[in-house]
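All remarks here apply to the structure that follows.
The sequence lines fix the lettering, A, B, ..., with proteins before strands; numbering per chain opens at 1.
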Amino acid sequence: MKHTLVDTAHCFTPKSEALQLLIDRGFLHQCTDLEALDEKLRTGPITAYAGFDATADSLHVGHLLPLMTMRWLQKTGHKPILLVGGGTTRVGDPSFRTESRPLLDDTQIEHNLAGIRTTVERLFDLSEGQGQIVNNAEWLDEFRFLEFLRDFGTHFTVNRMMTFDSVRSRLEAQQPLSVLEFCYMMLQAVDFVELNQRFGCTLQIGGSDQWGNIVNGVDLGRRSGSQLFGFTLPLLTTASGSKMGKTAEGAVWLNPSRLSSFGFWQFWRNADDADVPRLLKLFTDLPLGEIDRLSSLQGQELNEAKKILATQVTGIVHGLAAAEAALQQGEALFSGQEDLSQPTHELPLSLLAKPLGLLDLLVKTGFATTNSEARRLIRGGGVRLNSSIVLEETRMISEGDLKPGERLTLAVGKRRKALVGFV
RNA sequence: GGAGGAGUGCCCGAGUGGCUAAAGGGGGCGGACUGUAAAUCCGCUGGCUAUGCCUACGUUGGUUCGAAUCCAACCUCCUCCA
């Protein structure tokens, strides 16, 4: 039960296109058997999967790494399976969490699955035989308890399950770990084997925190006679050490209904200097040569690389048109000559019929979540209306504030600006 | 089932009758400096129809002029014992 742990691939030269590409671009953290996987990838198309919980109606930036990995696999001729955890979400992955997760009901999960689907559909070719979305509720819902125990329970020992970091950390922290959550790792292993039997899936991709769960699946597969592989991705942190993917409004969502293309674009545009090369390799399709060139830019010039990064990623996740529009908006708003492009926010003109306060406007455009927060922003001198700082909390929006086209610019801080149009 | 311990704001964590919308830290946001970067310094960080009002220290009741703080019951978790 030993697995080759390959943290870096210095000593290994892959022969398969897929693995070569993934390693060069920095996707590999660990692999259960790198050489055998390489051979398998080289000799023919394989089917791989990555799992996603259905805890929200949109995926977020943290999910983008496995998604990109799967995307490259598809581009190099392999078949991706995007597994959504319709079944497992009802249990909740306890890995490295200090608290139990709230359990979701079926209608909520159903709603979440639909939201996730919209993103996945844009990233992958899901036509017949190319790739697919699978819901593990399909089989998990079917299991009967005794049957499950008999078929799978015999292959797991509590002794071993206890040794997993995800479990141990919870126990050592004296945090509760319910049997329900404890069994999660069995379910994930069963998923892998089930996908292997149904679709010939032989590879699972996951975050580095999933290593234990993935290995479980690989071991279970061996017991039923299949050689399975696990491949984990590095944990993404920003140069300043924090976990990537959080901003003002919380998580950076992939779904445009949760975060506008402009907001998404801005997230990447505001990346830390030191992160740019890595982000370009992981989250764009640009050739490595081009990335090297962009990465060599220094100082202010690096901002060009950030724009390219932002536009590329937004293009992949939201579509080219949206990415271009976001770029235009960014250019226009930050170069001072706003207008031309489309408003970032459109509000009904009828709002102006009654006196509209600036506080209200800030909340309506999403810059503040509450009136109090809007007030604080104004008090701190962080709000600009048509480029001039507003200090009166009671400021009303009047006809005079509107520029031709019934629009005005609103900015909160240095980085968040919007063109507000009334239609 | 028994004994002991714990549950505080986004997170960690102090607080054991009024001075507590609750120390301190983290995170986040805003300002200055810049390059829509980093680092640094300063400020803010429950809500509202706002010189006041409402909600908040596991839940529900109680004592008190007054409770996160005292009492009771309950819920959840931890440790030890059976």
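- Protein atom CZ of A:R416 is 9 Å distant from nucleotide atom P of B:G31, rounded to whole Å.
- For the pair A:L280 and A:I291, the tightest heavy-atom approach, listed with the atom from each and the gap, is O-CD1, 3.5 Å.
- Taking the six-membered ring for Trp and thresholds of 30 and 60 degrees, A:H63 and A:F52 have ring planes more than 60 degrees apart, a perpendicular arrangement.
- Closest non-hydrogen pair, A:L297 versus A:L302, comes out as O-CD1, 3.7 Å.
- Here the C1' atom of nucleotide B:U36 and the CG atom of A:D273 are 12 Å apart, to the nearest Å.
- Within a heavy-atom distance below 4.0 Å of RNA chain B, no residue of residues 353-363 of chain A is found.
- As rounded to whole Å, 11 Å separates atom C1' of B:G30 from atom CZ of A:R415.
- Between the side chains of A:N213 and A:Q210, a donor-acceptor pair is found at a separation under 3.5 Å.
- If you check the side chains of A:H318 and A:S261, you find a donor sitting under 3.5 Å from an acceptor.
- Rounded to a whole Å, the NZ atom of A:K417 is 9 Å from the P atom of B:U36.
- A:D191 and A:W139 form a side-chain donor-acceptor contact under 3.5 Å, judged by distance and modelled atom types alone.
- Across all strands shown, B:G7 pairs with B:C75; the Watson-Crick or G-U wobble distances both stay below 3.5 Å.
- With a 4.5 Å cut-off on side-chain heavy atoms, A:L203 and A:L37 count as touching.
- Across all strands shown, A:V412 has heavy atoms under 4.0 Å from sugar-phosphate atoms exclusively, and none from any base.
- Nucleotide B:G30 is matched to B:C42 when pairs are restricted to Watson-Crick or G-U wobble geometry with both distances under 3.5 angstrom.
- Between A:W253 and A:F264, a ring centre-to-centre spacing not shorter than 6.0 Å is recorded.
- Within residues 300-317 of chain A, the residues having any heavy atom closer than 4.0 Å to RNA chain B are, in order of number, A:Q300, A:N303, A:K306.
- Taking the six-membered ring for Trp, A:Y49 and A:F192 have ring centres closer than 6.0 Å.
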Next on the checklist: I need a per-nucleotide contact map over nucleotides 45-50 of chain B, read 5' to 3'. Cutoff is protein heavy atoms under 4.0 Å; write B for the base, S for backbone only, - otherwise.
Outcome noted: SSSSSB

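- Note: CG (A:D272) to P (B:A37) measures 10 Å, nearest angstrom.
- If you check B:C70 for Watson-Crick or wobble pairing at under 3.5 angstrom, you find it paired to B:G62.
- Side chain to side chain, A:D57 and A:N112 fail the donor-acceptor criterion of an N or O pair below 3.5 Å.
- For the side chain to side chain donor-acceptor pair (under 3.5 Å) with A:W265, the lone residue among A:T311, A:N270, A:T314 that qualifies is A:T311.
- Residue A:R269 contributes atom CZ, which lies 11 Å from atom P of B:A38 at whole-angstrom precision.
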